[in-house]
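For reference, the structure discussed in these notes is given below.
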Amino acid sequence: MTDVERTNPQAGAREWAWTTVEVSIGPLGIAATREGLLEVAFRADAEREAEVVDRLTRRLGTGPASPPSAAHELLTQASAELTAYFAGRRETFSVPLDWSLTSGFNRRVLRELAARVPYGTVVSYQDLADRVGERGAARAVGVAMGSNPLPVVVPCHRVIESNGGLGGFGSGLEIKRALLSLEGVLPEPLF
């Protein structure tokens with residue numbers, strides 16, 4: 001894991017922290033505030049890390065804090081839980097979540113997904129729309145999945161098309177397939 005150093009805080013800024021975790025699908029960048037896990041970013045190589053850290057710095061008013069901090073404690077917990085998940089030793093997450101990067105319909109859909117679509121199961125975009133009382137909003141659910149700041153922990157990979165197709169995945173279908181294979185929903189790839 002690597003931590004990014006603090007930049008000068010601005011008035012009204014929110015303290016947050018960033019680290020990278022190596023898992024079976026590649027580096028995951030994770031950010032947390034004292035409230036909870038804020039973001040999970042796939043393919044967190046140096047270029048992607050710089051992009052995400054820059055975006056969060058603008059959004060939160062300061063760069064990531066240096067350890068120790070409450071945010072770093074949450075990063076430690078999230079790192080351990082994500083590592084265990086990718087090793088096949090964990091099916092649920094207990095790290096608190098900071099929902100501040102999403103709102104409205106998207107937040108309602110993501111909360112429903114996190115609370116009621118367990119490991120090893122899938123739900124269709126339309127079913128998820130129905131669950132939040134928005135019949136006919138399957139495409140809007142797809143948009144919510146695409147804007148999910150907390151993939152894996154808020155399992156957008158578990159949302160599929162009504163006909164059983166995989167649907168989309170912002171970080172690529174190969175990652176969605178890998179996550180669904182890990183959970184036993186899809187067979188392991190042959191090659």
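Computation of the quantities below employed the complete heavy-atom set of this structure, encompassing side-chain atoms and omitting hydrogens, waters and symmetry-equivalent molecules. What you are looking at is a predicted structure, and each value in this text was computed from that prediction instead of being measured.
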Any chance CZ of Arg34 has more than 12 other-residue heavy atoms, nucleotides or ligands included, within less than 6.0 Å?
-> no
Within 6.0 Å of CZ in Arg107, more than 12 heavy atoms from elsewhere |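 Yes, CZ of Arg107 has more than 12 neighbouring heavy atoms, counting only those of other groups under 6.0 Å.
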Heavy-atom closest pair, residues [X] and [Y]:
X      : Y      : answer
Ala138 : Gln126 : CB-OE1, 3.3 Å
Ala114 : Pro155 : CA-CD, 4.1 Å
Arg108 : Val132 : NH2-O, 2.8 Å
Ala31  : Leu75  : C-CD2, 3.9 Å

With a 4.0 Å cut-off, would you call Arg48 and Glu51 a salt bridge?
->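 Result for this pair is yes, salt bridge flagged.
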Electrostatic pair Arg158:Glu183 at N-O distance under 4.0 angstrom | yes
With sequence neighbours excluded, tell me which residues meet side-chain contact (heavy atoms from CB on, under 4.5 Å) with [X].
X      : answer
Glu161 : Tyr125, Asn163
Ser24  : Phe86
Asp98  : Arg14, Thr33, Glu35, Leu38, Ser100
Arg55  : Glu39, Val52, Arg58

Closer than 3.5 angstrom, by distance alone: can the side chain of [X] be matched with the main-chain N or O of [Y] as a donor-acceptor pair?
X      : Y      : value
Ser69  : Ala65  : no
Glu81  : Val95  : yes
Trp16  : Thr62  : yes
Arg131 : Glu112 : no

Going by heavy atoms in the side chains, are [X] and [Y] under 4.5 Å from each other?
X      : Y      : answer
Leu128 : Val159 : yes
Val154 : Leu97  : yes
Ile30  : Leu82  : yes
Val185 : His157 : no
Gln77  : Ser94  : yes
Thr57  : Pro64  : yes
Leu113 : Cys156 : yes
Pro96  : Leu74  : yes

Between Val143 and Phe105, does a side-chain contact (heavy atoms from CB on, under 4.5 Å) hold up when you go through it step by step?
-> CA-CA 10 Å; Val143 171; Phe105 175 80; over 6 Å; no
Linked, directly or transitively: Val123 and Leu173 (ILVMFWY side chains, under 4.5 Å) | yes
Taking only residues two or more places apart in sequence or in another chain, which ones pass side-chain hydrogen bond (donor to acceptor under 3.5 Å, both in side chains) with Arg89?
->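 If we apply the side-chain hydrogen bond (donor to acceptor under 3.5 Å, both in side chains) test to Arg89, skipping adjacent residues, there are no hits.
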Looking at [atom1] of [X] and [atom2] of [Y], how far apart are the two atoms once the value is rounded to the nearest 0.5 Å?
X      : Y      : atom1 : atom2 : value
Arg116 : Thr121 : CZ    : OG1   : 13.0 Å
Arg111 : Asn106 : CZ    : CG    : 13.0 Å
Leu186 : Ser181 : CG    : OG    : 5.0 Å
Thr20  : Asp45  : OG1   : CG    : 9.5 Å
Ser171 : Lys176 : OG    : NZ    : 11.5 Å
Ser79  : Glu22  : OG    : CD    : 11.5 Å

Parallel, tilted or perpendicular: rings of Tyr119 and Tyr85 (30°, 60°) |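 It falls in the perpendicular class, over 60°.
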Name all pairs fulfilling the salt bridge (Lys or Arg N to Asp or Glu O under 4.0 Å) condition that reach into residues 163-173, sequence neighbours left out, sorted by first residue then second.
-> none
Test log, rule side-chain contact (heavy atoms from CB on, under 4.5 Å), inputs Val122 and Leu180 | CA-CA 9 Å; Val122 293; Leu180 290 173; 4.0 Å; yes
Pick from Val40, Thr83, Thr19: which one makes a side-chain contact (heavy atoms from CB on, under 4.5 Å) with Leu28?
->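 With Leu28 as partner, Val40, Thr83, Thr19 yield a single side-chain contact (heavy atoms from CB on, under 4.5 Å), made by Val40.
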